[in-house]
Every structure is written in C-alpha cells, then in structure tokens.
Amino acid sequence: MATTLTSKGQVTIPKQIRDALNLAPGSSVEFAVNRDGELVIHKVGGQSGRKPDRFDAARGKADVKWRTDELMALLRGED
C-alpha cells in the first residue's frame with residue numbers, strides 16, 4: 001500500500017492497517033525502523049489516546065423499567 005508524504009511530513013495510515021491495529025482517532029502509535037530498514041508501527045497501550053467519554057462507564061448499565069410512552073405520560077402529568 002502506497003501513500004504520499006505531505007510537505008509537513010504527514011502520511012495517512014491506510015484503513016486496512018488502522019483496522020488491523022484497531023486504531024481510532026486519538027490513538028497513540030510508535031514508529032520504529034527494523035534491522036532491514038523497514039518501518040514498523042505499533043499501537044501504544046491498550047487504550048486510545050483520546051480522553052474517555054464520561055458516559056462510557058454508565059452506558060448499558062441502566063435498569064429501565066419504564067416504556068417511553070409511560071414515561072412521557074408521567075412527565076406530562078397525564079393519567
């Protein structure tokens with residue numbers, strides 16, 4: 001897979017490689033050159049470099065017993 005180096009020294013990591021390494025925006029990567037002069041890229045750590053979403057810990061944990069129409073009726077003061 002070929003890519004082009006920009007004037008700022010940046011390249012786009014091809015989607016197949018991002019998917020293989022499970023890279024998301026904000027992920028940290030490490031570059032190295034092996035003995036054969038080949039570039040090696042590693043994902044740093046098990047987490048992406050982005051700040052955790054404050055709702056991630058709560059997502060999927062709710063024990064909701066209300067149906068939407070029942071909740072809306074309660075909020076509107078309907079019987």
Which residues satisfy the side chain to side chain contact (heavy atoms under 4.5 Å, CB included) test with [X], sequence neighbours excluded?
{"X": "Val33", "answer": "none"}
{"X": "Gln16", "answer": "Met1"}
{"X": "Asn22", "answer": "Lys43"}
{"X": "Arg76", "answer": "Met72, Glu78"}

Exercise for review: Just jot down the salt bridge (charged side-chain N to carboxylate O under 4.0 Å, His left out) partners of Lys15, sequence neighbours excluded, or say none.
Suggested key: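 Once residues adjacent in sequence are excluded, the partners of Lys15 under the salt bridge (charged side-chain N to carboxylate O under 4.0 Å, His left out) criterion are Asp19.
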
Review point. Under 4.5 Å between side-chain heavy atoms, hopping through other hydrophobics if needed: is there a path connecting Val29 to Ile17?
Key: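 Same hydrophobic cluster.
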
Point to revise | side-chain hydrogen bond (donor to acceptor under 3.5 Å, both in side chains): pairs with one or both residues in residues 2-13, sequence neighbours excluded | key: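 Non-adjacent pairs meeting side-chain hydrogen bond (donor to acceptor under 3.5 Å, both in side chains): zero.
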
Review point. Does a side-chain heavy-atom distance below 4.5 Å link Phe31 with Val40?
Key: no

Review point. Would you say the side-chain atoms of Asn34 pair up with the backbone N or O of Asp36, donor to acceptor, closer than 3.5 Å?
Key: yes

Check your understanding: If only atom types and distance count, is the side chain of Arg18 paired as donor or acceptor with the main-chain N or O of Ile13 below 3.5 Å?
Key ->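 Yes, the answer is positive, given that a donor and an acceptor are paired below the 3.5 Å cut-off.
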
